[in-house]
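Below, chain A is the first sequence line, B the second, and so on; all start at residue 1. Owing to the predicted nature of the structure, the values given are computational and were not obtained by experimental measurement.
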Amino acid sequence: MSAGEPALSAAVAAGRRRRAGAWRRVVAGLVLIVLAGVALTLMLGQSFTPPGDVLRVLTGQEVPGASFTVGHLRLPRAVLSVLVGMSFGLGGVAFQIMLRNPLASPDIIGVSSGASAAAVFAIVVLQMDGPMVPAVSVAAGLGVALLIYALAWKDGVTGARLILIGIGMAAMIDSFIAYVLSRAPSWDLQEAMRWLTGSVNGARMEQALPVLVSLLVFGGLLLSRARDLEALRMGEEAAAALGVKVGLTRVTVIVAAVCMIAVATASVGPIAFLAFLSGPIASRIVGPNGSILIPAALTGACLVLVGDYIGQFLLPGRYPVGVVTGALGAPYLIYLIIRVNRGGGAL
Amino acid sequence: MTGSAGLSDAIAVGRRRDSLSRLLRLGLLIAAVAGLCVLSVAVGTRPVGWAEILSGVQGHVETIGEAAVALRVPRTLLALLAGAALGLSGAIMQGVTRNPLADPGILGVNSGAALAVVIGMAWFGMDSAAIYVWVAILGAAVTAVFVYAIGSLGRGGATPLKLALAGAATSIALSCFTIAVVLPRNDIAGGVRAWQIGGVGGATYGSIWLVMPFLVVGFAISLLSARRLNSLALGDELAAGLGENVAVARGMAALGAILLCGATTAACGPIGFVGLVVPHLCRLLVGVDHRWLLPVSALGGAGLLLLADVAGRIVARPSELAVGVVTAFIGAPFFIWIVRRQKVWEL
Amino acid sequence: MTVSHELAIEALAAGYGDRPILQGLDLTIAPGRITSIVGANACGKSTLLRTISRLLSPSAGQVLLDGRSVHRSPTRELARTLGLLPQTPVAPEGITVADLVSRGRHPHHGILSRWTSADDAAVATALEVTRTANLADRAVDELSGGQRQRAWIAMALAQETDVLLLDEPTTYLDVSHQVEVLDLLTDLNQARGITIVMVLHDLNMAARYSDRLVAMAQGRVHAHGTPEDVLSEATIRQVFGLRCRVIPDPVSGKPMMLPIGRHRLADPDAESAA
């Protein structure tokens, strides 16, 4: 009984390789969808730009009639969409795994609201601009997250208490945002939409840089804890028994996820339900075949690209991406609530 | 087996003593509300003297001060009615769902009423406040039933966590729909925005008369449900065992609550947390007997909303803070306090 | 065969917030044996197990594994010696048995280390020993209670620890599955010398399957020894506040406890005299 049958051991190894292969195929498929979405964003707009022209613009050539629209309007939009999509997807799924509840995503428990409120306040009231806005937003997002964590602390933190306190916090902050926006001297509906639902309209290339940096730094940090996070899916006790430092992992994950989401929020607003939707969809696609962190990030990017496309071209009138993800997310959300409640289960 | 006469007497004496002390507290509460009414008429952005207040209340509008006071009278009346309606409907919702966190705001009922009104304005060209009330009540009812249905699926029925999550998520989704409806309609955006913050500032006698019938019916149904709620508090099985038709009892009480909060939302816009805070404070004051709790919650709600309205006028001088923002900032910390008090397994 | 490890608990005090549960508890766990902790509800059984497995920090005293405090040891290193199966672990949705069991290899991996054939072998052994190999590709959600518990034990085995703590491993199982799980734990103990410490509710099962019994009351060890020493009418009375009769179990020869209530007594006079 000591070494295990070699045949069984080989079967175990084969099963593991099969799962790893399936996981790689899923990720490759998602990457392809993201690339297709980017290509679509670059080619389509008020006018159609042929792929050849797009390629020439991308390689730096001057193409009359296309250089400006593709290079200055559509490229930043596509790049920003992918980056914020990945940030929201990764940050959201990290929260969902950690709290073992798909409904416990940062947009529902008030973290996104906090970041958004700070950005609104900084822009509307303090008239700030440039790199200070993401900084304020990150500080507020972290502050709100830590405050929620501290308030939920009572002989340790339980997921249920954390979520409920987050919901209360979100209600308060949302009322604050509505109030500040109503007091804005020049009420610009487009600008307000950004802070209420999120939008990639008017994206500029320099907005993408902070999002890219935060994605690399904090996303990397999150991925380095991927294995501990996976163990946490079995509950804190089981994870601790496996040698996971539960407290440390929690704090790392919260800080990394909040920073990523706050930076993304500061540039495009809290895109509704994005953080919440990406994880469950990715988990559906990946199944039991492996970690859902990277697939969730890619799913987030897909959702932004597709949602933005729908909002711009497929609906009567032009809607910001947040309205589309919010409306599309609602039925899925209801389905998910029903399923979670039925099974009482985790992500 | 007859109980001993001594014990039976002792119980009767105890009950009389309880009633007496409750009556005393009720008297104090009424005095406090009356005081707040005076304050609400006297205090505002513009300081006025007692002489002007007296003549303003009598309907003279010769000086600016008198005119300001004359405007404050319907405002005070609306705050009184809306507060009472919200406090009462909160107490009923907590009783019907046996859930300490039930509140029209948390359950997303307000956003349902808001969406219904906005759809009515934008798609069906409704422009009379008389119709808004019907539409708002319909929206509130549909949302309440929906959220409760989702939140009570699965093990353990409608736990605070499930109900709050279902409410928060539904609320986000409905807000997205509201924005989607408003976005292409710049003509109605301003009105919707002002209404969405929630306030009693724009009150007129006309708007009060409009919602009055609904409030009267709502108050009547609600107050008549007290005894039924007392049985429901013991759990569905026990209530049925005590001879209560559980479905009817719950349906009637909920109807009253929805009439009250739907009509209030139509008149003032969404005002959160009054329905959450007041019943909890009132339970400390008069205990858990709904025959006492319901009327006292109505009084307490009136007092809280008056207080919040007056505070909003004082804090932000020379401008004023909408009462919905004030109640959110009073209510959210209270919500968090309740969550912290609960045992983990009750969440 | 495994190395025997000393697990000693010294003057341990622990609790939740300002509510102390354990108050100066001393206990030495017999290496290579099966020890069951029994006691009334809320006497601190689970708290003791949680403190040993460092889910809770003690407010005083210490838990020593081979002379080192478990609360000061590196968590990953400790998790290679000391395993815990919580009372209600949660399987991630849709996870297969093979994947669940391979999660047990977590403490043997750093951030960058790769999966090796040794890991595969450990998983295979765990599946085989717990007779879950035929379930390897099934989703954990779909299993019966007994099968699921075996899958969780397999995960704890894949961790390859020499000491295994289990919090009520037979709760929610019907009697045939209870016997199945306890037999499996006995196999593991006998074949691999794993030290097993578990909380059990059923006194008679505990007496039958354990080498040592620990009876706890009010956050302290009330009695500790062989089932014959601990399971006495006097101890049950003191620990549970229950009158009972103890007779030899006709199947195993271990002591067996029969409670005495107020009703349904064959010879009420004799019992009330007892």
Side-chain angles (χ1 to χ4, degrees), chain A residues 1-20 97 100 102 153-156 223-228 230-249 280 283-284 286-292 339-340 343-347, chain C residues 1 15-17 19 50 53-55 74-80 82-96 98-107 109 111 115 117 119-129 133 136-137 139 141 152 155-156 159 165 167 187 191-192:
Chain A
M1 218 194 258
S2 55
E5 247 178 77
L8 185 54
S9 179
V12 167
R16 180 173 49 72
R17 274 193 292 275
R18 196 177 59 239
R19 286 199 302 274
I97 294 178
R100 289 197 290 117
W153 183 275
K154 191 172 146 189
D155 313 335
L223 289 178
S224 76
R225 315 294 313 184
R227 224 173 253 170
D228 290 346
E230 275 296 311
L232 267 179
R233 285 175 81 183
M234 291 184 289
E236 272 164 49
E237 305 198 340
L242 289 175
V244 175
K245 294 194 184 77
V246 173
L248 182 72
T249 305
S283 132
R284 249 309 121 81
V286 175
N289 292 320
S291 163
I292 59 172
R339 207 169 54 100
V340 169
L347 187 68
Chain C
M1 283 308 259
Y16 303 93
R19 201 156 44 91
R50 289 169 62 91
S53 55
R54 80 215 173 281
L55 292 170
T75 45
R76 214 174 273 272
E77 190 185 312
L78 190 72
R80 290 198 284 264
L82 186 72
L84 166 77
L85 188 58
Q87 191 178 354
T88 45
V90 209
E93 204 178 303
I95 194 172
T96 61
D99 198 7
L100 180 76
V101 175
S102 62
R103 299 292 172 93
R105 300 300 295 164
H106 186 275
H109 289 274
I111 287 177
W115 193 268
S117 58
D119 293 319
D120 282 329
V123 171
T125 309
L127 289 171
E128 194 191 335
V129 172
D137 290 324
D141 320 333
W152 279 107
M155 189 207 82
Q159 202 175 334
L165 312 176
D167 194 353
D187 288 342
R192 308 166 131 213

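Annotation: salt bridge (charged side-chain N to carboxylate O under 4.0 Å, His left out) contacts of E237(A) (sequence neighbours excluded): R50(C).
Of all the listed residues (V101(C), L127(C), L84(C)), the one sharing the greatest number of non-hydrogen pairs under 4.5 Å with chain A is L84(C). Between chain C and the options A11(A), A240(A), A226(A), the largest number of non-hydrogen pairs under 4.5 Å is found for A240(A).
Of all the heavy atoms in L242(A) and A79(C), the pair that sits closest is C-CB, 3.5 Å. Taking both residues in full, the closest heavy atoms of R19(A) and S102(C) are given as NH2-OG, 4.4 Å, listed atom of the first, atom of the second, then distance. Closest heavy-atom contact between S117(C) and S9(A): O-OG, 4.5 Å. For the pair H106(C) and A231(A), the tightest heavy-atom approach, listed with the atom from each and the gap, is CD2-CB, 4.0 Å.
For chain A, no part of D119(C) is nearby; none of its heavy atoms comes within less than 4.5 Å. Looking at T96(C), both its backbone and its side chain come within 4.5 Å of chain A, counting heavy atoms on both sides. Only the backbone of L82(C) comes within contact range of chain A, with at least one heavy atom under 4.5 Å from a heavy atom of that chain. For I95(C), the part lying near chain A is the backbone, with the side chain staying farther off; criterion is any non-hydrogen pair under 4.5 Å. For a residue to count as touching a neighbouring chain, one of its non-hydrogen atoms must lie under 4.5 Å from one of that chain's; by this rule R80(C) does not touch chain A.
Distance check, rounded to the nearest 0.5 Å: CG of L100(C) to CZ of R233(A) gives 11.0 Å.
Between D228(A) and R76(C), at least one side-chain N (NZ, or NE/NH1/NH2) sits under 4.0 Å from a carboxylate O, which counts as a salt bridge.
Looking only at side-chain heavy atoms (C-beta outward), W152(C) and M234(A) come within less than 4.5 Å of each other.
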